[in-house]
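Following: one structure in structure tokens, then a few remarks.
Not measured: the values here are computed from a predicted model.
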Amino acid sequence: MIPQGFIQDLLARADIVDVVGRAVQLKKAGINYKGLCPFHGEKSPSFIVSPSRQTYHCFGCGVHGNAVGFLMEHSGLGFVEAVKDLAQDVGMTVPDDDNSPEERARAAKVREHQITLGDVLLKASNHYRAQLKDSPRAVAYLKGRGLTGEIAKHFALGYAPGGWHGLSSAFGKYDDPLLVESGLVILQGDDAAEQRRYDRFRDRIMFPIRNPKGEVIGFGGRVLDQGEPKYLNSPETPVFSKGRELYGLFEARAAIRQRGFILVTEGYMDVVALAQLGFGNAVATLGTACTGEHIVKLLRFSEQVVFSFDGDAAGRRAAARALEAVLPHASDTRSFRFLFLPAEHDPDSFIRERGPEAFEACIHEAFTLSRQLLAVAGDGCDLASPEGRARMLAQARPLYELLPDGLLKAQLLVELARDGGLTADVLLHHWAAAGARRGDRRRAEPGHAEHQPHAAPAPAPRHHDEPDWDDAPPPDEAPPEADPNDLGYDPMDDGTPEHAKDWRSKRGKDFGGRGGKGRSFGNDPPPWARKGGSAAMASPRRPPPRTASLLDRAAWLMVQNAQLWLDLPGEVHELLVQQSAPHGGFFAALERLLHDQGVLGAAGILAALDELAQDPAEAGLGALLERIRRLHELGSDAPLADDLRVVVDRVRLQAVEDEITLLLESGELSEAATQRRNALFALRSQLKSRPARNATV
């Protein structure tokens, strides 16, 4: 875990204007900076960056945060990745990094080389875009596919002319090894005197592949006329791996936030055409089957994913592979669905023939994950016969075992048992017994994995309709060697702490959720306040010291009764977690502790947090815990929820005042910002007028 003190120091040294300014064109507005929000479409700027507070805030959609939060939201980075990325920019070393100085220096050198390759690829992308403007034939092809110049610009589409050495006009040194290493040029021959170079991409529409940061990492090229391969991808390079990247994810971020889900399709043109037709939340795998790493990356942007496949046999095989990749990540709060179009249609042709409303209806009617699992398990099985039901259950078992423990897994067991003509208890008992027998047999076999710990993983299957091989070489040259098969990848943890994943992905932004609607609790006590209180604690309390702060008071109350934290709305959770050190770290640690261990008593919470405070970088947390201990004797028989409501209202009121000040400091307001200002004024009046109990602070 990265110490909270380091994060605060990092945020103090970073300049959020520089961080945000790399992605958003900012202009001075009063003492702040203003620009178009990168998280939702808008024509007048409502996105404010405050250098004095080191925060950003959009008064249109409600997103807000600090520099680390911006990197996470905008680039899809995990918490640890975002901290390390920002630390590298300001020359700081993350203290949890156990690597030696030599290893860190080696990693820095690798990153520097990746940046160099990225510069080469960006230069090539700009060259291809310029060539598209000068090619009436390529422009006519795109227009024939129904694409506008605006959508071509959005995806930075280009054109690679048909010559063998077209890139020589973009790069002064065509023999630069970086052109080969980046996959732009093919080098043939081992003898330096006889080596020949030629462009990998020739006479193709070029689709730049960008990572979530917007850096060009590779290309996909599509033939304009007839020819093979229809699509050609960049090879594996130090910056590009087909098994990890998704086409269109960078371009789709705003639409994903607006629509609330990601649509995964089968090809580049599907993504671009869908964006043209109003479905800008589409992405595509790059000629490989969907992998676990694809799923991890998708879940950074949305917990609702819809896969779109052709309805033919190849499409259903691709869907079965996607199901296997999805199952280990199918928690009770995530949604994965599977859409199958008629065999004669792709998304583009379907929408053009039947309209966007029909496609939207197909999305809503897509198979749920459970239905898809049952369909795959029952493929080729006659459920009217005992033999067919037994075969279905045998095919279902490896899929079922991929699921994480939870309510979804328990319910699927019941569904499978019902379709198999058994009770859930009988099925589970049989599988457990069969698993034990199988384990005994496998351990007894000489070739078992225990005796072969270094066995290589099996290669992942290729995408069913997008072969990936090099173009043919010039006629007088031998063909270059084919690329090896794409390897699958196991799911990788992005390093994000569980508490950061929870509140970042599940809870709303600002006081009114991600949509920034300015929701308040109304005049009656909120539901979480009515639920609270503790009848189990028994000693009268004394007034707290006058030196305690509001946030000290909130921390004390939740130590007394941890259920109060769980009853708070998500927007209040986020408000408290985002407070400055040590309080923000305290509330984040409390959330993680309760998530891992459930509701604890006061002594258990303090003991667990004491261990965290032993870190020298968390000295502020230790001081806070001491203040909490001095506020009252542990144990109280008081309406704690009422006190917490008063404290939280005052914290929220201060946050509202800060947001109003931020607005007034930013000059002329957009329509969305004006509406937000009016909502804030109303919320401020409501909070000020709410009746309060006498809570001495």
Side-chain angles (χ1 to χ4, degrees), residues 22 111-142 147 149-189 192 195-211 213-225 227 229 231-242 245 247-248 250-251 268 272 286 468-477 480 483:
R22 297 172 199 155
R111 178 55 185 157
E112 183 178 354
H113 184 60
Q114 290 175 334
I115 292 173
T116 301
L117 287 176
D119 291 340
V120 171
L121 290 163
L122 178 60
K123 188 174 182 179
S125 177
N126 292 335
H127 168 74
Y128 293 140
R129 292 181 68 183
Q131 294 298 312
L132 176 62
K133 295 178 181 178
D134 294 336
S135 173
R137 174 168 161 266
V139 170
Y141 171 82
L142 294 177
L147 303 183
E150 182 179 358
I151 206 70
K153 179 180 179 182
H154 180 64
F155 285 93
L157 301 186
Y159 172 65
W164 291 101
H165 306 101
L167 287 175
S168 60
S169 62
F171 295 91
K173 292 180 60 179
Y174 190 70
D175 59 352
D176 188 340
L178 291 174
L179 294 179
V180 175
E181 189 175 4
S182 62
L184 294 169
V185 168
I186 294 175
L187 175 65
Q188 189 178 54
Q195 283 180 344
R196 297 187 179 183
R197 300 169 185 267
Y198 55 94
D199 291 1
R200 180 180 301 273
F201 301 100
R202 304 179 304 280
D203 195 24
R204 290 178 178 269
I205 297 294
M206 298 299 291
F207 299 81
I209 302 166
R210 296 189 272 201
N211 64 19
K213 295 182 182 181
E215 300 166 339
V216 179
I217 55 175
F219 292 94
R222 191 196 190 285
V223 294
L224 274 72
D225 302 313
Y231 285 96
L232 177 67
N233 287 327
S234 289
E236 302 282 314
T237 72
V239 296
F240 177 64
S241 172
K242 292 186 287 292
E245 304 300 337
Y247 177 70
F250 172 75
E251 293 83 359
Y268 300 100
V272 178
L286 301 170
D468 182 34
W469 58 82
D470 285 339
D471 263 347
D476 57 341
E477 300 177 5
D483 291 334

Closest approach of Gly220 to Asn233 (non-hydrogen atoms, all atoms of both residues): CA-OD1, 4.0 Å
field: Partner set under side chain to side chain donor-acceptor pair (under 3.5 Å) for His165, not counting sequence neighbours
entry: none
Nearest non-hydrogen partners of Gly183 and Arg200, listed with the distance: O-NE, 2.6 Å
query: Applying the side-chain contact (heavy atoms from CB on, under 4.5 Å) test to Leu142, which of Val272, Ile151, Leu147 qualifies?
result: Leu147
message: Run the side chain to side chain contact (heavy atoms under 4.5 Å, CB included) test against Arg111 and tell me which residues pass, sequence neighbours left out.
response: Gln88, Gln114, Ile115, Lys213, Glu215
field: Shortest non-hydrogen contact from Asp225 toward Val223
entry: O-CG2, 3.2 Å
message: As an exercise, state the distance from CZ of Phe219 to CZ of Arg210, rounded to the nearest 0.5 Å.
response: 10.0 Å
- prompt: For the residue pair Phe201 and Gly221, what are the closest heavy atoms and their distance?
  reply: CE2-N, 4.0 Å
message: Would you call the rings of Tyr198 and Trp164 parallel, tilted or perpendicular, taking 30° and 60° as the class edges?
response: perpendicular
Partner of Leu184 under side-chain contact (heavy atoms from CB on, under 4.5 Å), chosen from Thr237, Leu178, Asp199, Leu121: Leu121
- prompt: Which residues pass the side chain to side chain donor-acceptor pair (under 3.5 Å) test with Asp203, sequence neighbours left out?
  reply: Arg137, Tyr159
- request: Show your reasoning for whether side-chain contact (heavy atoms from CB on, under 4.5 Å) applies to Phe240 and Leu117.
  value: CA-CA 10 Å; Phe240 177 64; Leu117 287 176; over 6 Å; no
- line: One should read off an interatomic distance between Leu157 CG and Met206 CE, to the nearest 0.5 angstrom, of 10.5 Å
query: salt bridge (Lys or Arg N to Asp or Glu O under 4.0 Å): which pairs involve residues 173-185, sequence neighbours left out?
result: none
field: Heavy-atom pair with the smallest gap, counting every atom of Ile209 and Tyr268
entry: CD1-OH, 3.7 Å
query: Which pair of non-hydrogen atoms, one from Lys242 and one from Leu286, has the smallest distance, and what is that distance?
result: CD-O, 3.4 Å
Under 3.5 Å, which donor-acceptor pairs do the side chains of residues 122-136 form with other protein atoms, sequence neighbours left out?
from	atom 1	to	atom 2	distance (Å)
Lys123	NZ	Ala170	O	3.4
Asn126	ND2	Leu122	O	3.4
Ser135	OG	Ala138	N	3.2

